[in-house]
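When a ligand or atom number is given, it counts from 1 through the structure's own listing order.
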Amino acid sequence: MIKRKLVLSFPENIVTKPITYKLVKEFNLEFNILRAEITPNMEGKMLIELRGDKAQIDQAIEYLTDTGVSVQEAAKDIIIDKNQCVDCGICTSLCITQALTLDHKSFKLKFNKDECILCELCLDCCPVSAIKVHI
Ligand code: SF4
Ligand code: SF4
């Protein structure tokens, strides 16, 4: 048995379909939904941990991809380099879970790791490259 953490992106036309249910039923996998969000443009994002036989996980990923779901290996961590960050707030507008916010009083960037779904949407927006991913 192996474990894999994946980020699934569901386009609007399939966001309501019971696709993850099939992972259990047809591929005999266990999965935990660690985070799930619907973005403003109605795309679904889900961070899941799959457990099961390697071959069946590979088949399940193939099934998801064929169905139109984008599957990415989840990063292990998002890191904000506080020495580089200039608290401009650009990243907060891209963070769908509000893991990144600006403190109303200090105007400093706050990062709540517990809310981060490792979607990596914030990665390329930082003008000083203060946002890094640990894979
Ligand atoms: S990866 Fe970035 S944009 Fe995505 S949830 Fe985490 S902090 Fe927010
Ligand atoms: S975009 Fe970069 S510099 Fe601006 S608040 Fe976010 S991490 Fe800091």
#### Entry: Check: Thr97 and Asn112 side chains under 4.5 Å, non-hydrogen atoms
no
Could you tell me whether a side-chain N or O of Asp103 sits under 3.5 Å from a main-chain N or O of Lys105, the two making a donor and an acceptor?
yes
Numbered in order shown, the ligand 2 atoms found under 4.0 Å of a heavy atom of Cys126 are 1 (S), 2 (Fe), 3 (S), 7 (S)
If you scan protein heavy atoms around atom 1 (S) of ligand 1, the nearest is Glu120 N, 3.2 Å
for atom 2 (Fe) of ligand 1, nearest protein heavy atom and its distance come out as Cys122 SG, 2.3 Å
More than 12 heavy atoms from other groups under 6.0 Å of CD on Gln98: no
On a heavy-atom basis, the closest approach of Phe10 and Met46 is CE1-CB, 4.1 Å
So for Val86 against ligand 2, with non-hydrogen atoms under 4.0 Å, the contacting part is both
The protein heavy atom nearest to atom 5 (S) of ligand 2 is Gly89 N, 3.2 Å
re atom 8 (Fe) of ligand 2, the protein heavy-atom contact at minimum distance is Cys85 SG, 2.3 Å
| message | Under 2.8 Å from atom 2 (Fe) of ligand 1, is there any N, O or S atom belonging to Cys95? | response | no
Quick look: Ile131 vs ligand 2, heavy-atom contacts under 4.0 Å, and the answer is side chain
Checking heavy atoms under 4.0 Å, the part of Asp87 that sits near ligand 2 is backbone
Taking Thr67 for the side chain and Val69 for the main chain, is one N or O donor matched with an acceptor at less than 3.5 Å?
no
Review point. Under 6.0 Å from the NZ atom of Lys82, do we count more than 12 heavy atoms belonging to anything else shown?
Key: yes
Within 4.0 Å of some non-hydrogen atom of Leu100, the atoms of ligand 1 are 7 (S)
Near Thr97 (heavy-atom distance under 4.0 Å), the atoms of ligand 1 are 5 (S)
TODO: For side-chain hydrogen bond (donor to acceptor under 3.5 Å, both in side chains), just list the numbers for Lys54 and Gln59, CA-CA rounded to whole Å, side-chain angles, deciding distance to a tenth of an Å, and then say yes or no.
DONE: CA-CA 9 Å; Lys54 183 185 178 308; Gln59 283 168 23; over 6 Å; no
Atom 6 (Fe) of ligand 2 sits nearest the protein heavy atom Cys91 SG, 2.3 Å
Cys116 heavy atoms within 4.0 Å reach ligand 1 at atoms 1 (S), 5 (S), 6 (Fe), 7 (S)
Quick note on ligand 2: atoms under 4.0 Å from a heavy atom of Val128 include exactly 3 (S)
Numbered in order shown, the ligand 1 atoms found under 4.0 Å of a heavy atom of Ile78 are 1 (S)
Check your understanding: Salt-bridged, Lys113 to Asp77, with N to O below 4.0 Å?
Key -> yes
Taking every heavy atom of Ile90 against every heavy atom of Cys125, the minimum-distance pair comes out as CG2-O, 4.0 Å
Quick note on ligand 1: atoms under 4.0 Å from a heavy atom of Phe111 include exactly 7 (S)
Any carboxylate oxygen within less than 4.0 angstrom of a Lys/Arg side-chain nitrogen, looking at Lys5 and Glu73? no
re atom 4 (Fe) of ligand 1, the protein heavy-atom contact at minimum distance is Cys119 SG, 2.3 Å
(message) We want to know whether Lys110 and Thr101 form a side-chain donor-acceptor pair, criterion being a heavy-atom distance below 3.5 angstrom.
(response) no
